[in-house]
Every structure is written in C-alpha cells, then in structure tokens.
Amino acid sequence: MMELQLPLAVLGTLLICCQTSERQSLGRGLGDHIHWRTLDDGKKEAEASGLPLMLIIHKSWCGACTALKPKFADSQEISELAHNFVMVNTEDEEEPKDSAFSPDGGYIPRILFLDSKGNVHPEIINQQGNPKYKYFYTSADQVVFAMKEAQEKLTGDVATEHRHTDEF
C-alpha cells in the first residue's frame, strides 16, 4: 500500500503544477493579472455571459509583438477595461485560420473584437494607426481607444453586470 501512495502523490503534484503553469502561461507577456482564456473557451464564455471578446493574435518570434507586450501588460487602463471583455490571445499555431480573423491581411500583431455570438466586428479598428493595417497597434493608448469603442458598440449594460475580480 505504501508503494502505491508515493507514486500517486507525485502524480497529483505534477497535475497541479501543470494546470497552474498552463493558467499562468496564457498571459504570454501580455499580463498574468488579466484573466486569459483559450479561443474555444473564450467563445463559450462570451456567449454564456453576453460579454464581447477581445482577441490578440501574435507570434513568439515577432518583434512588433514583443514590443507591444510590456506596454499592454503595464497599462492600468487596459487592465481595468479588460473586466468588460472575455480576453483571448493566440500565439503561433493557435492563430485561427478563418479569413474573418484577417480582414485586411495576416500581419501581426492584430487585435480584433468579437461580439458575444462570436462574430468579428471589422469596423472596430486602430483609428490612430496606419490605414493599411487597421488592426495593428503599437501603443497602450491605441488599444485603450479601441477597447472603449468596442465596449460602447458591443457591450451595453452587460459589462457592469458581469465584472470579474482580476487584480492588477
């Protein structure tokens, strides 16, 4: 009986560690204080909660993505606005293949906003950015502006009813 208890204890510890590191790794430099979901889980949560989804598509090897990450992660305003969205970031091979997720090209990083039914809203763009790359953001201020626009267009009263308690 003792011989079986040790391997089970080790297995239990490994499972807990793997689950914890998976949860923490979803931030991927964009802020572990934000409650990140996978795309599939995020779509389900958006539909169930009525909240819009914010999707960041990025790559681990991308210089522009790497430059945006600390600006995004360090922004108090982004952190506060994130409570009104289901937050998703996809990296590398997780990028969705559907053309709706690359409305004006496959450049990276791209930030898109989806309604609670999972429809991409291509009209929500980086108003302060390059018109050739409408979903490309280089600063926290640009992201905040788009988040506020998305919140206004896609949220209604649901944002104040479904706040999460993520801490900055």
Side-chain angles (χ1 to χ4, degrees), residues 12-96 101 107-118 120-121 124-129 135-168:
T13 302
L14 286 173
L15 285 173
I16 290 169
C17 289
C18 290
Q19 288 174 346
T20 301
S21 70
E22 178 183 322
R23 165 79 170 100
Q24 291 171 344
S25 69
L26 287 177
R28 300 178 176 127
L30 291 162
D32 288 335
H33 58 281
I34 293 173
H35 188 109
W36 295 102
R37 288 81 162 178
T38 64
L39 183 56
D40 288 339
D41 288 347
K43 285 181 175 180
K44 291 174 192 170
E45 184 175 332
E47 186 172 15
S49 69
L51 290 173
L53 187 147
M54 179 176 172
L55 172 63
I56 304 169
I57 300 170
H58 59 103
K59 305 290 184 184
S60 58
W61 47 263
C62 164
C65 303
T66 302
L68 180 62
K69 288 177 181 183
K71 296 172 189 174
F72 191 100
D74 293 341
S75 170
Q76 180 70 36
E77 201 164 4
I78 288 175
S79 180
E80 291 169 5
L81 287 166
H83 293 288
N84 301 323
F85 294 88
V86 176
M87 300 294 288
V88 174
N89 75 74
T90 61
E91 187 176 62
D92 298 331
E93 300 306 314
E94 298 168 348
E95 179 178 352
F101 295 98
Y107 56 86
I108 47 171
R110 293 190 308 283
I111 298 179
L112 302 168
F113 294 91
L114 289 68
D115 61 31
S116 61
K117 305 235 183 294
V120 174
H121 281 260
I124 302 172
I125 63 170
N126 181 357
Q127 303 280 345
Q128 303 156 350
Y135 311 96
F136 181 84
Y137 296 77
T138 58
S139 74
D141 289 340
Q142 293 172 341
V143 175
V144 165
F145 189 85
M147 290 176 84
K148 287 179 178 178
E149 179 184 0
Q151 181 178 339
E152 184 178 309
K153 290 183 177 179
L154 305 176
T155 303
D157 293 334
V158 94
T160 55
E161 297 169 10
H162 291 92
R163 289 197 171 265
H164 295 279
T165 58
D166 296 340
E167 294 292 325
F168 184 73

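In this structure, CD1 in Ile78 is found 7.0 Å from CD1 in Ile34, a value given to the nearest 0.5 Å. If you take CG on Leu112 and CZ on Phe101, they are separated by 7.5 Å, rounding to the nearest 0.5 Å. The distance from the CG atom of Leu51 to the CG atom of Asp115 is 12.0 Å, given to the nearest 0.5 Å. Between the CZ atom of Arg110 and the CD1 atom of Ile56 there is a distance of 12.0 Å, given to the nearest 0.5 Å. The distance from the CE atom of Met54 to the CG atom of Leu114 is 11.5 Å, given to the nearest 0.5 Å. Separating the CD atom in Glu152 from the CG atom in Asn84 is a distance of 13.0 Å, to the nearest 0.5 Å.
Between Leu53 and Phe85 the shortest side-chain heavy-atom distance does not fall below 4.5 Å. Looking only at side-chain heavy atoms (C-beta outward), Leu81 and Ser75 stay at 4.5 Å or farther from each other. A heavy-atom distance below 4.5 Å is found between the side chains of Gln76 and Glu80. Residues Met87 and Leu30 form no side-chain contact, since every pair of their non-hydrogen atoms from C-beta on lies 4.5 Å or further apart.
The aromatic rings of Phe136 and Tyr107 stand perpendicular to each other, their planes meeting at an angle above 60°, with 30° marking the opposite boundary.
Across Pro96 and Leu39, no two heavy atoms sit closer than the pair CG-CD2, 3.8 Å. The nearest pair of heavy atoms linking Ile57 to Ile108 is O-CG2, 3.9 Å. A pairwise comparison of heavy atoms in Ala146 and Ile124 identifies O-CG2, 3.9 Å as the closest pair. For Gly27 against Asn89, the heavy-atom pair with the smallest separation is O-ND2, 3.8 Å.
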### Task
Any chance you could lay out the side chain to side chain contact (heavy atoms under 4.5 Å, CB included) test for Glu45 and Arg37, step after step, and finish with the verdict?
CA-CA 9 Å; Glu45 184 175 332; Arg37 288 81 162 178; 2.6 Å; yes
### Task
Go through the steps for Met147 and Glu77 under the test side chain to side chain contact (heavy atoms under 4.5 Å, CB included), then give the verdict.
CA-CA 10 Å; Met147 290 176 84; Glu77 201 164 4; over 6 Å; no
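In this structure, the side chain of Trp36 engages the main chain of Gly31 through a donor-acceptor pair within 3.5 Å.
Considering only residues two or more places apart in sequence or on other chains, Phe145 meets the side-chain contact (heavy atoms from CB on, under 4.5 Å) condition with Gln127, Gln128.
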Return a table of donor-acceptor pairs under 3.5 angstrom between the side chains of residues 65-73 and protein atoms on other chains or two or more places apart.
residue : atom : partner : partner atom : Å
Thr66   : OG1  : Cys62   : O            : 2.9
Lys69   : NZ   : Arg28   : O            : 3.2
Lys71   : NZ   : Thr138  : O            : 3.0

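Atom CD of Glu47 sits in a sparse spot, with 12 or fewer heavy atoms from other residues, nucleotides or ligands closer than 6.0 Å.
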